[in-house]
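Notes follow once the structure below has been shown.
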Amino acid sequence: MHTLLLQDPTEENIEKAAAIIKNGGLVVMPTETVYGLGADALNKTAVTNVYKAKGRPMDNPLIVHLAKAEDAEKYAYTSPLFYKLAEKFMPGPLTVIMPKKDIVPLEVTCGLDTVALRVPSNEIAHKLIEKSGCPIAAPSANLSGKPSPTTFDHVVTDMYGRVDAILDGGPCTVGLESTVIILKGDGAEILRPGKITYEDLREIIPYITVNQAVKNQCVDAKPASPGMKYRHYAPKSPVVLVYGEDEKVIEFFRNKQQCENCGILCFDEDKPRILPNNALTFGKHDDEDTQAHELFQKLRCFDVMSVDKIYARVPSENGVGLAVYNRLIRAAGFEIINV
Ligand code: AMP
Ligand code: MG
C-alpha cells in the first residue's frame, strides 16, 4: 500500500487526511498521548482494517475519539458523572467506558456492550475529527506488542506501507496512552492508569478503585479490559526490572555491564555512577512526567542498539508514576529482580 507522508500539519494536509478517513481509509494521527491509527468508527470495513494493519487481536476493542464531549450522547448512554468528568478533564488524556448505543459497530467494541470514548486535546487530532465529520476509532499506532509510538519516526517505522497516510504532529506531549476508566453507578474503576491520575480522579469520583491487573499479571481469561491480558510495549530484547536500594541497584548494573551485552534504563542521577555503554536515562527518580514522556522513546532506542537484555529501574507508583510502572512491568513480562 502507498503511504502518503503529510509532514506539515497545514489545513490542506489535515483536509487530505480527513478525506481519506471519510472514504474508509486509515490515517495515523498525532494525539497528546501517543500516535493513533485512525479510521471512521462507523465504517465496519475500515475498523476491521485497523486490526489488520496493527496485527491487533480481534478481541481487543478500540477507543473512539470525538471532537467534543457532548458528542458522547450519540454513541453511549452517558450519566451526570460523565459530564462532571468531561468538565474537568476533556479535552484531554482520559477515556471513559460506558454502555454503547447501537450505532457503534460491534467491530469497534469486539462484541462488548460498552464503548470507550475520548476527546483528544491535540489540535491536529481535533481538526482531523471535525473535518472528517465522523468519530475516529484509533488504537495506538504501533505494531501490536511493540512500544507505543510517540514520534513521527516511530510511526513511519511501524506503519509505512500499512496505512493510507501518516500525519506528522511532532513528538507527543504526554508520551503514554490515556487513562482508561469504566463508570459503575456513582463510582468508577481505573483499568489503565495514565496522565490523569487516581488522585486527580478521586477529586471528582469519591468511589474510585484501581483494577488489580494495573499492577499485577492478568490471570483472568475475561478481564475487565481485554487489553490487560496481552504482552505489550516490549522492545526486541527482554526487559528485566531491578528493584532495591540505590547502592545495590547501581552495583548490579555495573556488574552486568561488565559481563553482559546489556542495555540499562536508569534515572538521570544513576548515569554518572555506572558505565556509559548502552545506558539510557528516562528522567530523574522523582520526575514521573518526564519518565512518562521518555519511556517508549527509550525502549525503542534499545532496538537499534542490539543489546541481549535490558535492565531497568523501577519507577515509583505515585501519581503518573503508576502509569509508567504499569507500562514498564508489562514490557518486562512481569520479570523483577530484587537486589
Ligand atoms: P489502545 O487502543 O492501544 O490505546 O488500547 C485501548 C485499551 O482500551 C485496550 O486495553 C482495550 O482493551 C481497552 N478498551 C477499549 N474499549 C473497551 C471496552 N469497551 N471495555 C473495556 N476495555 C476497553
Ligand atoms: Mg496500544
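We count ligands from 1, going down the list as the structure has it; atoms in each ligand are counted the same way.
Ligand 1 does not have T109 within reach: every non-hydrogen atom of the residue lies 4.0 Å or more from it. Residue-ligand proximity: S148 is placed with every non-hydrogen atom at 4.0 Å or more from ligand 1. Within the structure, the closest approach of K100 to ligand 1 does not fall below 4.0 Å when heavy atoms are considered.
Side-chain rings of F253 and Y311 stay apart, their centers remaining 6.0 Å or farther from each other.
Short contacts between ligand 1 and A224, defined as distances under 4.0 Å to a heavy atom of the residue, involve ligand atoms 21 (C). Remark: ligand 1 atoms within the under-4.0 Å shell around heavy atoms of L112 are 18 (C), 19 (N), 20 (N). Atoms of ligand 1 found under 4.0 Å from any heavy atom of S140 (numbered from 1 in listed order, with element): 1 (P), 2 (O), 3 (O). Heavy-atom proximity to P139, at under 4.0 Å, picks out these atoms of ligand 1: 2 (O).
A salt bridge is defined here as a Lys NZ or Arg NE, NH1 or NH2 lying under 4.0 Å from an Asp or Glu carboxylate O, and K88 with E203 meets this definition.
At a heavy-atom cutoff of 4.0 Å, ligand 1 is contacted by no atom of H232, backbone or side chain.
In terms of polar-atom proximity, K54 is not counted as a contact of ligand 1, lacking any N or O under 3.5 Å from an N or O of the ligand. At least one N/O-N/O distance between T114 and ligand 1 falls below 3.5 Å.
Looking only at side-chain heavy atoms (C-beta outward), Y325 and V314 come within less than 4.5 Å of each other. At least one side-chain heavy atom of L201 sits under 4.5 Å from a side-chain heavy atom of L94.
No hydrogens or angles considered: a donor-acceptor pair under 3.5 Å links the side chains of Q297 and H154. Residues S140 and N142 bring a donor and an acceptor atom of their side chains to less than 3.5 Å of each other.
Nearest protein heavy-atom contact of atom 11 (C) of ligand 1 is N60 OD1, 3.1 Å. Given atom 4 (O) of ligand 1, the protein heavy atom at minimum distance is R192 NH1, 3.1 Å. Distance from atom 22 (N) of ligand 1 to its nearest protein heavy atom, with residue and atom name: S225 OG, 3.1 Å.
The Mg ion (ligand 2) has S140 OG as protein N, O or S atoms under 2.8 Å away.
Grouping the Ile, Leu, Val, Met, Phe, Trp and Tyr side chains by contacts below 4.5 angstrom, directly or via other members, places V249 apart from L280.
The side-chain hydrogen bond (donor to acceptor under 3.5 Å, both in side chains) analysis of residues 173-186, with sequence neighbours excluded, yields the pairs T95-S178, S148-E177, E177-R327, S178-R192, K184-E189.
Counting non-hydrogen atoms of neighbouring residues, nucleotides and ligands closer than 6.0 angstrom, the CD atom of E199 exceeds 12 such neighbours. Within a 6.0 Å sphere centred on OH of Y83, heavy atoms belonging to other residues, nucleotides or ligands number more than 12.
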